[in-house]
Amino acid sequence: MQEQNTSENEYDIVAIQDKWLPIWDDIKPFNSGLADDTRPTKYVLDMFPYPSGDLHMGHAEAYALGDVISRYWAQKGFNVLHPIGWDAFGLPAENAAIKRGLDPRGWTYENIEQQKSSMRRYACSFDWDRVLQTCDPIYYRWNQWLFLEFYKRGLAYRKNSNVNWCPSCQTVLANEQVVQGLCERCDSVVTKKALTQWYFKVTEYADRLLDDLDTLEGNWPSKVLTMQRNWIGRSHGAEVDFEIEGRTEPVTVFTTRPDTLFGATFMVVAPDSDLAAELASGSTPEVRMAFQAYLDDVKKSNDIDRLATDREKTGVFLDRFAINPVNGERLPIWAADYVLSDYGTGAIMAVPAHDDRDMAFAVKFELDVRTVVDTGEDDPSVTKVATTSEGVLVNSGEFNGLPKADAIKAITEYLEISGKAKLAKNFRLRDWLISRQRYWGTPIPIIHCDDCGEVPVPADQLPVELPSAAGLDLKPKGSSPLGAAEDWVNVACPKCGAAAKRDSDTMDTFVDSSWYFLRFLSPNSEEVPFPKEEAARWAPVDQYVGGVTHAILHLLYARFFTKALHDMGMINFEEPFTRLLNQGMVLMNGSAMSKSRGNLVALSDQLDEHGVDAIRLTMAFAGPPEDDIDWADVSPSGSAKFLARAWRTANDVRSEVGVDFAKGDATLRKATHSFLRDFGPLIENFKFNVGVAKVMELVNALRKTIDGAAGPTDPAVREAAEVVAKALSLFSPYTAEDMWSKLGHQAPVALAGLPEADLSLVVESSIVAVVQVDGKVRDKFEVATNISADALRELAMGSDAVKRSIGDREIAAVIVREPKLVNIATK
RNA sequence: GCCCCUUUAGCCCAAUGGCAGAGGCAGACGACUUAAAAUCGUCACAGUGUGGGUUCGAGUCCCACAAGGGGCACCA
């Protein structure tokens, strides 16, 4: 048989892609910045990519899912801001540059161009007029501006502290770069080093960062909320002052269990604290030597040892004594590394009977155990197993008999009168170390002058641009490569004019990503980081989409920035991301894709083989978006097959644009409108996989109608095909656009608008009712949907099958749920 | 060690406390074809990881356990 015009009748995704991409470039359907746009606004944001190489399967999933949401709101008539940019500063660019002897700029911008072109092909609904790159001076000058605003307010400060140090890379590492105590890049054992570094005072916002998580409940994954709560880690308790023999000032300890004060049998101080050094120095020569030896040991230890479970407790007795404020007892003071110098006050009261760690220590060094809370369990002073649960006080003088909560209150209040205690809280959260001794980042806009100290770079001298990397040795050597850029680093002090030096550190790249969502509102402004009125119009982000790997750091830092900017009067909201979706990962045969595992699937190969639309559809259809996708379990060729099937239906329609749908086949119209009823809520609740299944269902119904009695001229066929094209545009925009065109419409289908369901077409006049006996189905019959309970009960009781099933048993109850169900319970 | 999530057909996954199956993959069969591919169509006795409980009724709620995944882990 002779084939007809092939291009007309065969689904050719490559031709379709080539046809529509330039047309979209021309008509810019997703331009969000038109002045006369009166549509309501939505801000949908995907976490921006790091430009390391081309896009991979993980990007493909994340951006496909974000695009479903963005395109959905566009179809619902919203002016959607859906921008994209690049998180372009950072170590990988610098390392690649070192390896190849190139400027990180070249590597970075090449990768950005590569990703940009892949993104366009991938047909995300981005507003391409709002692109930003954090390594552009026009972007990072505002990092510097914000840093200086923070500095003015005391939110940016410099301090000396013990930081993570990789002896091989010769650089400070962020906490997230330390994996199981090893440097993530070279696997060297990470040590601690005392360095003066810049910090952002995140802890000042600890309470608000914690409390405001409640406002996100239901809109963020509960897993992320839990992780943030744990990370901030607020504990309530009391600070209690202990007099120290031979010392004027008392030592304050933080405890969450002031109710156990009578059970304190010793005190422990962090060995690396000033207090420990001072107490030791006031002790005997033997103690001083023992302490110094212990301190050296502790400093040599690393996180691998520290984090080992079941680790033996170590410590050294300082031969000094504290006085228990509740009973005047002398408590020996020990230095031990299970007490941290940077949490609480670096000193604790030890209550071995009711704390596992104190008990382990007491057992090891044969210290007293005194039970002061009766929990009903065996006596810890006998068993040497601490009891930490609720109970009533014993051995606690006038407080005996009080339950835990009351005792905490009573003892704290009792000590408060004499000024020896007060209620207190502590956080696990630490301030954010933002200095990096690296080249490829935002220079810190501070000048160090011998006379004036830290001098902020005046605002009119921003940006402090990164000098060219030419001639600089970027290899890590413990201090920033920028220090060697003589022309750049040596400047006159802005205050006194004397010779001074620029701060040569750069900022952590998490600073860049902490406020980029606001920069999209005016990515090229040289006047302001973002205009207040634009922020009021668009922000906060209505829907944020990204990986759960950023559950703590990025999201916490962005929340901190948002609160700080709020307090600076720049924005009128306090949470940056109203709703959050964490998509899963793309795996291959059960594990993360990697070159070394040999299970890498190249996105570009997949796109070449199956087409963009099929890959995007597969991502959405694979399962719930937060679940991982195992690429071995899904079928991109099946997706392509479905798309061809859907596309063919549009090709088969034989009626004119504007035909009266009301005259169409009732069965198909019902399918179309129940689809319309179900689809929106599914997408809004992130059930994209179910949404795709519903489109498939509608396509099946449509196919059946075209091939059936109603045929391709039936108006309902056109109605259904148009709905399919519009719905499919969220997942597979090329195919949808081509269908829309075949149906006689102008591009873009993306803005054609999903109609509301006509529910009158969906209502059933009759329904199949089920009769159960003791929960088992025994009969069913068709009844009117408006049947009364009595009538339904009557029908059910009259059924022969039901009677047979009941037999001669006595009926206990008849539950009627009209019009669907009757359940007869027997005795 | 503590906390959280998941467990439904060979596989991926649906199912407001009310007939366990929406959709897909793989498979079987049929139509079309000389044949195959493509296309169109037909085909599902799994009793929902295990054991208890609540209920007229449980995949769904509660408890315990198991397996898999994730988070936290000397934070006083």
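- Following rounding to the nearest Å, Ile552(A) (CD1) and G70(B) (P) show an atom-to-atom distance of 15 Å.
- Within 4.0 Å of Arg234(A), counting heavy atoms only, lies no atom of the nucleic acid at all.
- Across all strands, Ala622(A) comes closer than 4.0 Å only to sugar-phosphate atoms, never to a base (heavy-atom distances).
- Not one side-chain nitrogen or oxygen of Lys223(A) sits closer than 4.0 Å to the OP1 or OP2 atom of C3(B).
- For U16(B) and C11(B), the P atoms lie 23 Å apart once the distance is rounded to whole Å.
- Note on Ala825(A): only backbone sugar-phosphate atoms sit closer than 4.0 angstrom, heavy atoms only; bases stay farther off.
- No contact: Lys694(A) has no heavy atom under 4.0 Å from any strand.
- At A26(B), none of the side-chain N or O atoms of Ser635(A) fall inside 4.0 Å of OP1 or OP2 (strictly under the cut-off).
- Among the atoms of the strands shown, only primed sugar atoms or phosphate atoms (P, OP1, OP2) are found under 4.0 Å from some heavy atom of Glu697(A).
- Not one side-chain nitrogen or oxygen of Arg817(A) sits closer than 4.0 Å to the OP1 or OP2 atom of G17(B).
- Across all strands, Ser222(A) comes closer than 4.0 Å to no nucleic acid atom at all (heavy-atom distances).
- Pairing for A14(B) is absent, with no Watson-Crick or G-U wobble pair whose two atom distances lie under 3.5 Å.
- For the pair Asn689(A) and Val692(A), the minimum side-chain heavy-atom distance is 4.5 Å or more.
- In this structure, U48(B) forms no base pair with any nucleotide, since neither Watson-Crick nor G-U wobble geometry is met with both distances under 3.5 Å.
- In this structure, Asn823(A) does not reach the U55(B) phosphate: none of its side-chain N or O atoms is under 4.0 Å from OP1 or OP2.
- Applying the 4.0 Å criterion to OP1 and OP2 of G57(B), one finds that Lys820(A) has every side-chain N and O outside that range.
- Between A14(B) and Asn689(A), a contact under 4.0 Å exists linking OP1 or OP2 to a side-chain N or O.
- Residue Asn426(A) is classed as having no contact, given no heavy-atom separation below 4.0 Å to the nucleic acid.
- When both pairing distances are held under 3.5 Å, G68(B) makes a Watson-Crick or G-U pair with C5(B).
- Using a 4.0 Å cut-off, no side-chain N or O of Arg703(A) falls inside it from OP1 or OP2 of G41(B).
- The phosphate of G41(B) has OP1 or OP2 within less than 4.0 Å of a side-chain N or O from Arg645(A).
- Classification of the Phe361(A)-Tyr338(A) ring pair by plane angle, with boundaries at 30° and 60°, yields tilted.
- Within 4.0 Å (heavy atoms only), Phe642(A) reaches no atom of the nucleic acid at all.
- In this structure, Val777(A) reaches the sugar-phosphate backbone alone: every heavy-atom distance under 4.0 Å involves primed, P, OP1 or OP2 atoms, never a base.
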